[in-house]
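What follows is a single structure, written as structure tokens, with notes after it.
No hydrogens, no waters, no symmetry mates; every other heavy atom, side chains included, goes into these values. Just so it is clear, the structure is predicted and the values come from calculations on it, not from any experiment.
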Amino acid sequence: MNILLINHYAGSLEMGMEFRPYYFAREWTKKGHHVDMIAADYSHLRIKNPKVRKDFQTEDIDGITYHWIKAGEYEGNGVKRALTMFRFVGKLWLHAGKIVKEYRPDVVITSSTYPLDTYAGQRIAKKGRAKLIHEVHDMWPATLIELGGMSRYHPFVLLIQLAENCAYRHSVHVVSLLPSAKEYMTEHGMKPERFVTIPNGIVKEDWENPEPLPESHRKVLEKLKADGKFIAGYFGGHALSNALDVILDAAKVVKEEKIQFVLVGNGVEKERLVKRAEKEKISNVLFLPPVPKRAVPDLLRYFDCSVISLLRSPLYRFGICLNKMYDSMMAAKPILFAVDAPGSPVEDYRCGITIRTGQTNEIAEAMEELYRMPETERWEMGERGRKAVLEHFTYDVLAEEFERLFRQKGSMQ
């Protein structure tokens, strides 16, 4: 089949995030499908952006045909970023006939975080008599209102709301990363039977041939293990949303001297957190720089358990889909999961301890419980997570689940 995947921010292994569209496209090409990926020339998520001279400039990346659209650069989440969205979607809408004629899509997938791309996707799908699938990463405009603090009557929010409703009404399938969003989407125009949950996952090849840790990290972690430390590891962004202050609070409360918290990563809050730990003499917390994504499997080998925390947010009523959760499960590490969300693989597969968000004493007690737990019991907990990932959350499995939608009957309204 010819698959057209529209994702403004799509990346690749060399360029960096966003990885999900690349991973799915790579799996589909392995199965003999042809994938055309339309993406913008600039994304704040990428480490490296392509050099694009003209619209629809093509590039082959691992068998996937990328088509680049000049949408412009931006910083932050202001007017410039909004303009890049309008340019990107507008150019696709205007060139819908050309896209259909040259790419001949059987399936059109709109997947750009914001739902404005549904207008171009619908036009292309209608002209080409293709199946339209809308994929939801983040809940826009709910995210803009509840996390960004924008008024629900702001013109941009109203525009996004109209696009979201239109996508739910007119797509044959709505693929959501968030498992508990069905009721909301139904209220906004989606027929319930069109809802499908397909989360993120892991790439098995990354775990079979991982990149080695930087030597500086290895020396520090090996020294901790030699000293008999029980390493409670966090890896990822150091942002307010990750509630790392609560982890520092818990570290102060933990009584067991062998427990060592190690926070690996970077972010706007890191400098402040480091200074706080120094000022308050929190000696059982260690900060390390971020590691490449391909080195995460090697990093997790040194952890005795993985710590995942988030601030309380009304957005989490839709569920969560965290890459670090699947990485921790694949590494067979018990997870201390301090997140308020309806259900999670940690609970479903009993591969960790789930506690309420922001509860210092509960985190400390759960950490001490994991430390005192017999090693065989921790091993069994971790193995349940690893088994679940291999059965349900690898990209070859997820891509096959997505692929089944291509052949199901259904039509646009």
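For the pair Ala120 and Leu92, the tightest heavy-atom approach, listed with the atom from each and the gap, is CB-CB, 3.7 Å. Taking both residues in full, the closest heavy atoms of Ser112 and Ile6 are given as OG-O, 3.6 Å, listed atom of the first, atom of the second, then distance. Leu311 and Leu240 make their closest contact through CD1-O, 3.0 Å (heavy atoms, listed as atom of the first residue, atom of the second, distance).
Atom CD of Glu193 is surrounded by more than 12 heavy atoms from other residues, nucleotides or ligands within 6.0 Å. No more than 12 heavy-atom neighbours from other residues, nucleotides or ligands sit within 6.0 angstrom of NZ on Lys219. Around NZ of Lys98, the count of heavy atoms belonging to other residues, nucleotides or ligands within 6.0 Å exceeds 12.
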**Message:** Set out, in order, the CA-CA distance, both residues' side-chain angles and the distance that settles side chain to side chain contact (heavy atoms under 4.5 Å, CB included) for Lys182 and Thr186, then state yes or no.
**Reply:** CA-CA 6 Å; Lys182 182 176 182 178; Thr186 302; 4.1 Å; yes

**Message:** Is there a side chain to side chain contact (heavy atoms under 4.5 Å, CB included) between Leu273 and Phe287? Walk through the geometry before answering.
**Reply:** CA-CA 9 Å; Leu273 291 164; Phe287 293 87; 3.9 Å; yes

**Request:** Take Tyr103 and His34 through the ring-ring contact (aromatic ring centres under 6.0 Å, His included) test and state the conclusion after the steps.
**Result:** CA-CA 9 Å; Tyr103 308 167; His34 177 80; 8.4 Å; no

**Request:** Give the C-alpha distance, both sets of side-chain angles, the deciding distance and a yes or no for salt bridge (charged side-chain N to carboxylate O under 4.0 Å, His left out) between Lys80 and Glu75.
**Result:** CA-CA 7 Å; Lys80 279 191 174 181; Glu75 289 184 10; over 6 Å; no

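A salt bridge is defined here as a Lys NZ or Arg NE, NH1 or NH2 lying under 4.0 Å from an Asp or Glu carboxylate O, and Asp298 with Arg301 meets this definition. Under a 4.0 Å N-O distance rule, the pair Arg129/Asp106 does not qualify as a salt bridge. For the pair Glu146 and Arg317, the salt-bridge criterion is met [side-chain N within less than 4.0 Å of a carboxylate O].
Here Phe195 and His173 keep their ring centres 6.0 angstrom or further from each other. Residues Phe261 and Tyr234 place their aromatic rings such that the two centres sit no closer than 6.0 Å.
Within the 4.5 Å cutoff, the side chain of Lys333 has no heavy atoms near those of the Asp304 side chain.
Checking His188 against Gln161 by side-chain atom types alone, a donor-acceptor pair falls below 3.5 Å. Asn2 and His33 share no donor-acceptor pair across their side chains, judged by distance under 3.5 Å alone.
Between Tyr168 and His134, the angle of the ring planes goes over 60°, which puts this pair in the perpendicular group of the 30/60° scheme. Using cut-offs of 30° and 60° for the angle between ring planes, the Phe393 and Tyr326 rings count as tilted.
One distance of note links CD1 of Ile38 with CD1 of Ile109; it measures 12.0 Å at 0.5 Å rounding. Between atom CG of residue Asn200 and atom CZ of residue Arg20 there is a gap of 5.0 Å, rounded to the nearest 0.5 Å.
For the pair Lys225 and Tyr302, the cation-pi criterion (under 6.0 Å, within 45° of the ring axis) is not fulfilled.
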Only pairs under 3.5 Å count here: list side-chain donor-acceptor contacts from residues 52-62, not counting sequence neighbours, and write none if there are none.
{"unit_1": "Asp55", "atom_1": "OD1", "unit_2": "Lys70", "atom_2": "N", "d": "2.8"}
{"unit_1": "Asp55", "atom_1": "OD1", "unit_2": "Lys91", "atom_2": "NZ", "d": "3.2"}
{"unit_1": "Asp55", "atom_1": "OD2", "unit_2": "Lys91", "atom_2": "NZ", "d": "3.1"}
{"unit_1": "Gln57", "atom_1": "OE1", "unit_2": "Arg53", "atom_2": "N", "d": "2.8"}
{"unit_1": "Gln57", "atom_1": "NE2", "unit_2": "Lys51", "atom_2": "O", "d": "3.0"}
{"unit_1": "Glu59", "atom_1": "OE1", "unit_2": "Trp68", "atom_2": "NE1", "d": "3.0"}
{"unit_1": "Asp60", "atom_1": "OD1", "unit_2": "Gly63", "atom_2": "N", "d": "3.2"}
{"unit_1": "Asp62", "atom_1": "OD2", "unit_2": "Tyr22", "atom_2": "OH", "d": "2.4"}

